[in-house]
Amino acid sequence: DAAATANGDSITVDPGTYVENVTITKGVIINGAGQGVTTVYPSFAGANTGGGSLSAGSSNVMLVQADNVTIENLTVDGNNPAIGSGSSIEARNGIITNHNVGVYNNLNVNHVTAQNIYLRGIYASSGGSFNFHNNTVTNVQADPSSVGMFNFGGSGSMNNNTVSYCNDAISSNWSTGTTYSGNTVTNSGSGIHTDNNGGSGGTADVISGNTVTGISGAYGIWVFVPYLNVQVSNNTVTNCYVGLGSFGQYVAALPSFTGNTSNQNYIGVYTSTTTFGSPSGNSHHSFTNNFVANNSYGFYIESESGYTNTTTANNNSITGNATQVAVDNSGTLTIDMTCNWWG
């Protein structure tokens, strides 16, 4: 009985399947009996509703409208076979905060499977704080802008999650300080990236100790237009189009890549002034103690007309690449690649 609950209560959900679109308006703990043991399906179809993530008619399996909400040990499945064809997706979002009505902090989602979702698997959308850990997210790819795990404007952590078959696996936009650690991404359109970190204040994002593989047409781990010095360290990226990427800035931020392995990708490291359609900007990039090996291109360093790309790469191992370094200097390049091991 939702009316009988109070902030801080723990709600135990027994094994079984539940058909309900749940709106959570109190700071409670929702604890299932286990992933695949307790499963929640949407009660109505509202996946491709157009507009934003919470557009009119959206079917959201769990809509969070409170601080201090924990959701754990259950499965959110956006494909309800009772109201669909068996292969259709009825839910637009799996777990999402309601940014239309407030900013919500301390959302904790752990040991949850979110699958068969149209747009957002697990989404901290209100600019509040969050902790997403030990979750499994799969098949969030019905729309070009689908994201498995996403943060907009908030701060928190995404740690030890497994994400597969998503157009965009794990990402943040306008993060005010997010840590991404110990995640595994496979078979997705994009691996892990942070966009515009610090543009609204906060602290630099940290992307560390993740594994991204098997996304041959897309980018593994990348930093896009940061306002702060994003740290990317000790990640392993294989079998992607671009292993590690760093793109355009509007301020003199210096994303730093340290101790990463970029192996058997088309491009091992790609730096550029580009912002992929938005106004470009001078860019600065630092690479130290990385292993860049067995790629078609080791480093691809690009500047656009009117902009300067400053790339510093020291003490890296750059070996076995078909082309060790390629440049496109339509603008201005400032490159320091001294003290590397070239095999």
Side-chain angles (χ1 to χ4, degrees), residues 144-145 168 171-175 178 180 189-202 204-207 212 215 217-233 235 237 240-258 260 262 265-290 292 295-316 318 321-340:
S145 59
D168 190 351
S171 62
S172 291
N173 201 346
W174 300 96
S175 166
T178 301
Y180 320 73
S190 175
I192 301 172
H193 64 98
T194 175
D195 302 352
N196 312 116
N197 169 221
S200 299
D205 283 2
V206 176
I207 304 174
V212 179
I215 52 176
Y219 293 10
I221 294 177
W222 47 293
V223 178
F224 178 80
V225 193
Y227 291 78
L228 297 172
N229 300 337
V230 176
Q231 304 294 304
V232 181
S233 65
N235 303 283
V237 185
C240 297
Y241 179 72
V242 172
L244 304 171
S246 185
F247 305 103
Q249 294 126 38
Y250 302 140
V251 298
L254 181 63
S256 176
F257 294 72
T258 305
N260 302 284
S262 181
N265 304 290
Y266 183 68
I267 299 174
V269 173
Y270 180 15
T271 72
S272 180
T273 58
T274 187
T275 58
F276 302 108
S278 299
S280 298
N282 298 330
S283 59
H284 303 74
H285 323 272
S286 173
F287 293 83
T288 307
N289 294 323
N290 300 282
V292 182
N295 306 286
S296 295
Y297 292 89
F299 276 71
Y300 191 92
I301 304 173
E302 175 184 66
S303 64
E304 300 164 293
S305 179
Y307 300 100
T308 299
N309 177 343
T310 301
T311 295
T312 301
N314 306 134
N315 300 312
N316 303 283
I318 307 169
N321 304 288
T323 300
Q324 297 280 60
V325 179
V327 298
D328 180 350
N329 58 340
S330 298
T332 301
L333 294 177
T334 301
I335 301 173
D336 176 2
M337 298 192 73
T338 57
C339 297
N340 294 295

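Positions are given from 1, in the same order as the sequence printed here. Just so you know, these numbers use all the heavy atoms, side chains as well, and skip hydrogens, waters and symmetry mates.
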Tightest non-hydrogen contact, residues His285 and Leu254, listed as N-CD1, 3.7 Å

**Message:** Within the 4.5 Å heavy-atom criterion, are Asn290 and Val269 side-chain neighbours or not?
**Reply:** no

CG of Leu333 to OG1 of Thr310, rounded to nearest 0.5 Å, is 8.5 Å

Rounded to the nearest 0.5 angstrom, the OG-CH2 distance for Ser190 and Trp222 is 5.0 Å

Residues Asn235 and Ile207: closest non-hydrogen pair is ND2-O, 3.0 Å

So, the side chain of Asn315 versus the backbone of Thr288: is there a donor-acceptor pair under 3.5 Å, distance only?
-> no

Full working for side chain to side chain contact (heavy atoms under 4.5 Å, CB included) between Thr338 and Asn314: CA-CA 6 Å; Thr338 57; Asn314 306 134; 3.4 Å; yes

Next on the checklist: For Val232 and Asn260: C-alpha separation, side-chain torsions, deciding distance, then whether side chain to side chain contact (heavy atoms under 4.5 Å, CB included) applies.
Outcome noted: CA-CA 8 Å; Val232 181; Asn260 302 284; 3.9 Å; yes

Open item on the list: Measuring only between side-chain heavy atoms, which start at C-beta, is Thr271 closer than 4.5 Å to Phe287?
Closed with: yes

d(Thr311 OG1, Ile301 CD1) to nearest 0.5 Å is 5.0 Å

query = Do side-chain atoms of Asn229 reach the backbone of Gln231 as a donor and acceptor pair under 3.5 angstrom?
reply = no

Rounding to 0.5 Å, atoms CZ (Phe224) and OG (Ser272) come to a distance of 10.5 Å

Could you check whether any side-chain N or O of Thr332 sits under 3.5 Å from a backbone N or O of Thr308, counting only pairs where one atom can act as donor and the other as acceptor?
no

Do the rings of Tyr266 and Tyr297 sit parallel, tilted or perpendicular, given the 30° and 60° boundaries?
-> perpendicular

Which of Asn173, Asp168, Asp205 passes side-chain hydrogen bond (donor to acceptor under 3.5 Å, both in side chains) with His193? It is Asp168

For Pro226 and Ala253, the nearest pair of non-hydrogen atoms, with its separation, is O-CB, 3.4 Å

Hits for side chain to side chain contact (heavy atoms under 4.5 Å, CB included) against Ser280, two or more places apart or cross-chain, chain-then-number order -> Thr275, Glu304, Tyr307

Review point. Is there a donor-acceptor pair under 3.5 Å between the side chain of Thr273 and the backbone N or O of Asn309?
Key: no

Of all heavy-atom pairs linking Ser246 and Pro255, the shortest is OG-CG, 3.3 Å

Distance col, row Trp174:CH2 vs Thr194:OG1, nearest 0.5 angstrom, shows 11.0 Å

Partner of Tyr270 under ring pair (Phe, Tyr, Trp, His ring centres under 6.0 Å), picked from Phe299, Phe247, Phe257, is Phe247

_Between Tyr300 and Asp328, is there a side-chain heavy-atom distance shorter than 4.5 Å?_
yes

Tightest non-hydrogen contact, residues Ile318 and Met337, listed as CD1-CE, 3.9 Å

Between Asn197 and Ala204 the two heavy atoms that sit nearest each other are OD1-CA, 3.4 Å

Review point. Quick check: does any side chain N or O of Asn265 sit under 3.5 Å from a backbone N or O of Val242, one acting as donor and the other as acceptor?
Key: no

- Message: Side chains of Ser175 and Thr178: any donor to acceptor distance under 3.5 Å?
- Response: yes

Answer yes or no: is there a donor N or O on one side and an acceptor on the other, between the side chain of Asn340 and the main chain of Asn316, under 3.5 Å?
yes

- Under the 3.5 angstrom rule, does the side chain of Asn321 hit a backbone N or O of Asn295 as a donor-acceptor pair? yes

